[in-house]
There are 2 protein chains.
Amino acid sequence: MWAVTGPEKPRRTTAQDVAAPKRTSGATAPAPPRRTAPEPARRTAAPEPALRASAPRKTRATVHDVAAAAGVSRGTVNRVLNGGYVSTDARAAIEAAIAQVGYVPNRAASNLARQRSQAVGFLALEPHSLLLEDPNIGAIMLGANAALSLADHQMVSLVIDSDRDTQRVGRYLSGGFVDGAIIVSARSHDPITRLIAEIGLPATFVGHPPDLARTIPFVGIDNVGSARAITGRLMQTGRQRIGMIAAALDRDSGADRLTGFKEALGDRFDPQLVADVPLYDYAYGVKGMRALLDREPEIDGVFAASDAVAAGALETLREAGRRVPEDVGLVGFDDSSWALRAQPQLSTVHQPAREIGRTAAESVLQQIGGVEPVELSVLLDSPVVWRHSA
Amino acid sequence: MWAVTGPEKPRRTTAQDVAAPKRTSGATAPAPPRRTAPEPARRTAAPEPALRASAPRKTRATVHDVAAAAGVSRGTVNRVLNGGYVSTDARAAIEAAIAQVGYVPNRAASNLARQRSQAVGFLALEPHSLLLEDPNIGAIMLGANAALSLADHQMVSLVIDSDRDTQRVGRYLSGGFVDGAIIVSARSHDPITRLIAEIGLPATFVGHPPDLARTIPFVGIDNVGSARAITGRLMQTGRQRIGMIAAALDRDSGADRLTGFKEALGDRFDPQLVADVPLYDYAYGVKGMRALLDREPEIDGVFAASDAVAAGALETLREAGRRVPEDVGLVGFDDSSWALRAQPQLSTVHQPAREIGRTAAESVLQQIGGVEPVELSVLLDSPVVWRHSA
DNA sequence: CCCTAGTGTGTGCCCGTTCACACATTCGTC
DNA sequence: GACGAATGTGTGAACGGGCACACACTAGGG
């Protein structure tokens with residue numbers, strides 16, 4: 001505790017006392033005033049202790065304060081904070097001083113000087129409502145947020161729902177408010193995607209990147225392979241007439257799942273047995289299943305493109321008097337809460353949403369750090385989990 | 001476009017050319033160089049056009065650039081940006097210049113000068129997993145995010161799951177990283193709550209504030225009243241033995257719903273008919289319903305503390321051979337997707353989660369703006385919605 | 001004619017941190 | 001004993017924007 005224990009360190013000096021010229025004190029040449037000497041003349045007893053009573057005066061401590069308390073210069077404090085040559089006792093003194101004055105770096109100042117923002121945008125190109133419905137997005141967000149927090153970055157979530165949003169977010173992105181971006185559910189030819197490529201913002205897609213941006217890394221799962229796997233298992237258990245409720249074919253995930261389904265079936269694939277609906281949604285599950293039942297009453301296996309769709313299908317099958325899994329085997333995709341809530345519980349593909357978020361965040365962080373990604377794509381494991389519906 | 005159309009504006013000058021002393025140019029006295037004169041000597045043709053080839057050199061435009069392009073001073077630019085006396089043609093010129101050079105204010109610089117962060121923390125004192133399960137929190141978050149974005153604030157979501165998190169977030173809050181906070185699901189005696197009160201951070205609770213912090217505003221719904229209303233309706237429709245699956249009694253929402261239930265029943269309240277479970281959760285719904293059926297096989301009305309709980313109860317009733325609503329009337333709370341997915345769809349209390357988030361954000365924003373809240377509490381409407389389960 | 005009020009405008013300094021540079025000290029080596 | 005590297009340390013200038021102040025010009029009143 002060799003530091004100034006005097007309670008005062010007046011900041012916000014008045015015009016007058018600054019008027020005295022910049023401290024051209026004795027030793028202009030930096031004869032390092034070995035900290036071990038008690039360092040006189042701290043000019044602690046400056047004027048104006050008045051007006052202190054009003055409020056607790058929450059002026060935060062700065063590097064200057066730390067430097068003064070430790071008897072070193074700002075530069076040295078900075079060096080213990082950000083690395084560099086520092087002697088062990090200077091380091092100790094500074095660390096003590098930091099604790100003593102309760103120093104916390106000012107992020108705005110740091111960002112300004114370093115020319116960055118320590119923030120990463122989480123872009124969801126999705127109507128608000130769907131954002132809530134989709135159980136995966138929330139988990140991805142949480143995973144990303146956790147990873148970002150760990151690396152001392154903020155996550156700012158940018159939901160793009162309308163064209164006005166597109167403009168706002170565009171400004172945001174090009175305005176240097178974020179150092180990078182995580183993009184979920186981008187569609188082809190999205191203006192935002194193009195913008196990101198143009199300004200060269202570090203970014204990572206979740207799911208396949210749309211056509212144009214072949215240079216932007218992405219993380220996801222092997223939708224084709226997983227769809228093939230779960231369909232294959234449906235075949236092995238003896239189902240003869242296997243159909244699919246395909247959804248969101250304008251999204252890579254939707255298209256890929258259909259591809260996997262086709263691949264698994266091979267010769268046995270019958271386009272008649274594919275119902276095609278726009279969204280991963282319970283209501284569309286109902287619709288799709290009705291279509292399938294209409295076309296092929298003998299159907300005994302169904303792959304639904306998501307658990308929500310499967311839940312709708314399940315209800316429809318029940319209404320139509322089909323037992324699951326006895327009469328019809330049904331499988332979903334996502335391993336969301338739908339799968340567990342269904343009766344019977346759904347066999348499905350586990351999607352490691354949290355991990356996906358984390359991985360995407362780490363990828364962006366790496367790019368921000370200047371590391372060129374070796375692999376453009378990261379595919380996470382998405383194992384099939386067998387429960388009772390097939 | 002009367003401004004410099006030359007493509008160059010070299011920033012990052014080298015040490016040498018700065019060596020020439022601070023521009024002590026001719027007219028030190030501010031003889032205002034009427035903008036209408038073409039303003040010579042823009043020193044556009046500075047040295048070093050070299051090394052331009054490597055990268056697009058994304059130096060952003062600053063107020064200086066705008067000022068130069070418009071032929072005015074920084075101060076004036078600032079004035080059109082933030083209000084003040086500006087002549088109409090100066091304003092026009094500056095606005096044109098802004099568009100021309102593509103000026104976007106630098107947030108870090110602005111924040112530094114203004115001593116604030118333009119960020120609001122969204123504190124969830126909740127394990128990660130529960131955060132995902134609870135359909136309300138997501139909607140609250142989205143609502144808050146939307147309102148914050150509109151006011152040009154960032155939302156940084158801070159999930160507190162462990163003690164380590166508490167420390168990290170504590171640093172965050174006291175470090176001036178945020179100007180305010182929205183706090184969801186705070187429990188009594190939470191260290192974070194105390195911290196916020198201590199440092200006087202503008203904050204708003206979602207739901208009742210815990211005991212100690214009577215000075216912090218909150219927004220929520222009238223849990224007591226809504227519980228009373230929905231229970232009352234159960235009574236009016238002739239149910240004789242009405243029970244409740246109460247959950248999360250350590251939270252204000254949980255406790256209040258039980259209170260409303262008691263109030264509605266009055267004399268007819270029978271403590272035997274309350275099953276008390278720790279969490280708003282499907283599994284606990286199952287458990288609670290079993291307990292109730294054990295204690296009172298004649299039960300014909302059940303108020304579940306949330307839709308998820310109700311869904312569990314519904315399943316249990318089905319297994320026990322009770323028909324809903326014929327044998328037993330069942331109601332939930334939240335109006336979440338559980339209510340719609342259930343078969344039959346649940347009668348429940350609509351919770352305007354999105355609105356709650358928006359309102360909380362606006363409250364915090366107001367406090368940041370220095371407006372003392374007139375009403376400490378804002379209670380939003382939470383109407384009962386009748387569907388098929390009772 | 002001077003003074004004042006109202007309206008515009010330019011300039012210097014400050015916010016708190018980082019970075020590059022200048023310089024000091026110590027040690028080993030030819 | 002001079003030299004250079006390695007290791008420490010202090011200092012001045014940014015970073016980009018906000019703010020207070022000084023000042024200029026115009027009108028109007030005494």
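Computed from heavy atoms alone, side chains included, the values below leave out hydrogens, waters and symmetry copies.
- Following rounding to the nearest Å, R91(B) (CZ) and dG8(C) (P) show an atom-to-atom distance of 10 Å.
- For V86(B) and N106(A), each mapped to the nucleotide of DNA chain C holding its nearest heavy atom, the one lying further toward the 5' end belongs to V86(B).
- Residues V120(B) and V156(B) fail the side-chain proximity criterion, which asks for heavy atoms closer than 4.5 Å.
- If you check dT11(D), dG10(C), dT9(C) against the side chain of S73(B), the one that comes closest is dG10(C).
- The OG1 atom of T62(B) lies 7.0 Å from the OH atom of Y103(B); values are rounded to the nearest 0.5 Å.
- Computed from coordinates, the L112(B) CG to dC14(C) C1' distance equals 9 Å when rounded to whole Å.
- Nucleotide dG16(C) holds its C1' atom 16 Å from the CZ atom of R116(B), rounded to whole Å.
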Would you mind writing out the side-chain donor-acceptor pairs for residues 148-155 of chain B within the sub-3.5 Å range, not counting sequence neighbours?
unit_1	atom_1	unit_2	atom_2	d
S149(B)	OG	N145(B)	O	2.9
H153(B)	NE2	Q118(B)	OE1	3.3
Q154(B)	NE2	Y172(A)	OH	3.1

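- Under the 4.0 Å criterion applied to side-chain N and carboxylate O atoms, E198(B) and R194(B) are not assigned as salt-bridge partners.
- Checking each of I183(A), T359(A), V364(A) against T204(A) for a side chain to side chain contact (heavy atoms under 4.5 Å, CB included) leaves exactly one that passes, namely V364(A).
- Rounded to a whole Å, the CD atom of Q118(A) is 13 Å from the C1' atom of dT17(C).
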Protein-nucleotides 19-21 of chain D N/O pairs under 3.5 Å:
none

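- Checked options L158(B), I192(B), I160(B); the residue passing with D165(B) is I160(B) (criterion: side chain to side chain contact (heavy atoms under 4.5 Å, CB included)).
- The listed nucleotides are dC15(C), dT9(D), dT9(C); the one nearest the side chain of T76(A) is dT9(D).
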*Yes or no on side-chain hydrogen bond (donor to acceptor under 3.5 Å, both in side chains) for S117(A) and N111(A), after CA distance, side-chain angles and deciding distance?*
CA-CA 5 Å; S117(A) 70; N111(A) 288 350; 5.9 Å; no
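- Nearest nucleotide to the Q115(A) side chain, out of dT18(C), dT9(D), dG16(D): dG16(D).
- Atom pair H64(A):NE2 and dC15(C):C1' shows a separation of 10 Å (rounding to whole Å applied).
- The nearest whole Å value for the distance from the OH atom in Y103(B) to the C1' atom in dG16(D) is 8 Å.
- Rounded to an integer number of Å, the gap from Y85(B) OH to dT7(C) P is 5 Å.
- Closest approach to the T62(B) side chain among dG10(D), dG16(D), dG10(C) is made by dG16(D) (side chain taken as heavy atoms from C-beta onward).
- A straight line from CZ of R107(B) to C1' of dG18(D) spans 16 Å, rounded to a whole angstrom.
- Dashed line: the shortest gap from a side-chain N or O of S110(B) to OP1 or OP2 of dG16(D) is not under 4.0 Å.
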